[in-house]
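Remember, it's a predicted structure, so these values are computed and weren't measured experimentally. Letters A, B, ... mirror the listed sequences (proteins, then strands); counts begin at 1.
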Number of protein chains: 2
Amino acid sequence: MSSAPEGYDPHAFFPFAVTVDLAVFTVREARLHVLLVERGEAPYKGRWALPGGFVLPRESAEAAARRELAEETGLTQKSVCGFHLEQLRTYSDPDRDPRMRVVSVAYAALVPDLPEPRGGGDAAHAQWWDAGATGPLAFDHDRILADAHDRIGARLEYSCLATAFCPAEFTLGELQQVYETVWGVELDRPNFRRKVLTTPGFVKAVDGPPRRTGGRGKPAALYRAGAATALHPPLLRPEGRPEGRTS
Amino acid sequence: MSSAPEGYDPHAFFPFAVTVDLAVFTVREARLHVLLVERGEAPYKGRWALPGGFVLPRESAEAAARRELAEETGLTQKSVCGFHLEQLRTYSDPDRDPRMRVVSVAYAALVPDLPEPRGGGDAAHAQWWDAGATGPLAFDHDRILADAHDRIGARLEYSCLATAFCPAEFTLGELQQVYETVWGVELDRPNFRRKVLTTPGFVKAVDGPPRRTGGRGKPAALYRAGAATALHPPLLRPEGRPEGRTS
DNA sequence: CTTCTTAATGGTCACTCTGACTATAAAGAA
DNA sequence: TTCTTTATAGTCAGAGTGACCATTAAGAAG
């Protein structure tokens, strides 16, 4: 009766507000960080929240997310278009916003270590937080953040997007740090190296033998992200053989 | 300026219609089938479309999807609550519906082989189609259907949800048929069997030695879905070593 | 009643990939 | 110089998989 079997029944139309929420991740100092903004008004005044905002009348959710990403990081639209941005899922609980019916499309963005977001406008409110040590966030953002973290961790297993956390040129140690930080585990360095280098298209060595000085130890070779997007076979997290095996 | 840095700015509110669209899959006669409904009105009158409808004012998208699933299959709410239903992604292109701004949350449902949907109301319009041989669908539903097929194929690799396509008790041959149908490949029977049986919790044998008569050949043992949800290590599709390897 | 066909089930073997580990190289620090 | 640190190279055993072959148990064909 209230449904629309043919697809769309104008009589059943009910107006929703549609927003995007962004979980913008980066890896800083071996910790996963997420960009948060402090709320200045009720509800949840003073609480921290994921950046986000309304989808405009002539804008896709993807475009809105990209726009918000630029605004909150204080960068230009152009400079953020290289960042990895992926839709997570949509949150639609009727009571997720106490004021009105708001459906939110959540996105995860992966960015390299950026300077503190002190761009002109909106970005002034934004700040990086340790993703595992945020207080309780506004609305259902704790849930969204947890889902986003889970998703990114899973994506690292089957895709090459760990490079999205790194600058244009990076060492294998830095790439490994991304995995270790997102997964919260330590990986064996030679094994990680072997896996990355034998996966065609994951990374490509920077031509000459340039090296980066980070401090101690032997200088590391530099690499760039390769053309591959999928990781086949996957790079599975350690741990977790659930039970014993037969033999 | 039009965004809402603090999270929600009532002035920027723009009303959207929010719908759910369902890709309801089943495996029939070794082909992947999807449930479609024929549109009775413009736009796309006469075209087939994914079943779906508006999200009600006090309903989550998940609940709306579950409700639509029951309506379109002609089953009760209760009987569909055991079916696997998962959110895919949200489609929000401003022009995806020529009449108004509609944001649609897409879901995939996996059901066992059901009788032709001839329940009373809405279900009378619904019909199973070979998922690879639908004509062009209404709106952006071709895209949604393709995305849904891709997602289900990928989920079979890492999860145990292939059993969602099977009746309560099934043979390993039937389970293998699910993989072969969704992936469009043939699998080696003994190897598939070994993989499924050595994965703890994927399936559990039905106690006594009951067997099912399907026609020719040796009768097969029956199994039920196990408690596991994840498949670790995964059951990867064949094909696709992208390039050669070093050694 | 045999024989053929079909499908389930049981097992082998080589190869790949991974985890655990050892060794060497090249830098700064003591 | 020597120590420490990090990058890089290589080895080796075990798990998991793909490609097979063999056996069993049913119906169908003769």
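Residues Tyr158(A) and Tyr158(B) place their aromatic rings such that the two centres sit under 6.0 Å apart. The aromatic ring centres of Phe192(A) and Tyr179(A) sit less than 6.0 Å apart.
Rounded to whole angstrom, the span from the CZ atom of Phe202(A) across to the P atom of dC17(C) amounts to 16 Å. Between Arg194(B) atom CZ and dG16(D) atom C1' there is a gap of 7 Å when expressed in whole angstrom units. Atom CZ of Phe192(B) and atom C1' of dT17(D) are 14 Å apart (whole Å). dT12(C) atom P lies 14 Å from atom CG of Asn191(B), rounded to whole Å. For Arg193(A) and dT6(D), the CZ to C1' distance is 11 Å, given to the nearest whole Å. One atom, CG of Leu197(A), and another, C1' of dC17(C), lie 15 Å apart when rounded to the nearest Å. Atom pair Leu175(A):CG and dT6(D):C1' shows a separation of 16 Å (rounding to whole Å applied). When the P atom of dT18(C) is taken as reference, atom CD of Glu157(A) falls 12 Å away, rounded to whole Å.
Here Arg216(A) does not reach the OP1 or OP2 of dA27(C): none of its side-chain N or O atoms lies under 4.0 Å away. The shortest distance between the side-chain N/O atoms of Arg189(B) and the OP1/OP2 oxygens of dA8(C) is below 4.0 Å. One finds no side-chain N or O of Lys195(B) lying less than 4.0 angstrom from the OP1 or OP2 phosphate oxygen of dG16(D).
Under 3.5 Å, the side chains of Ser60(B) and Ser92(A) contain no donor-acceptor pair of N or O atoms.
Along DNA chain C, the nucleotide nearest Gly217(A) and the nucleotide nearest Pro190(A) are compared for position; the residue whose nucleotide lies closer to the 5' end is Pro190(A).
Listed candidates were dG16(D), dT24(D), dA20(C). Nearest to the side chain of Pro233(B) is dG16(D).
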Side chain to side chain donor-acceptor pair (under 3.5 Å) evaluation trace for Tyr91(B) with Asp21(B):
CA-CA 10 Å; Tyr91(B) 296 83; Asp21(B) 283 312; over 6 Å; no

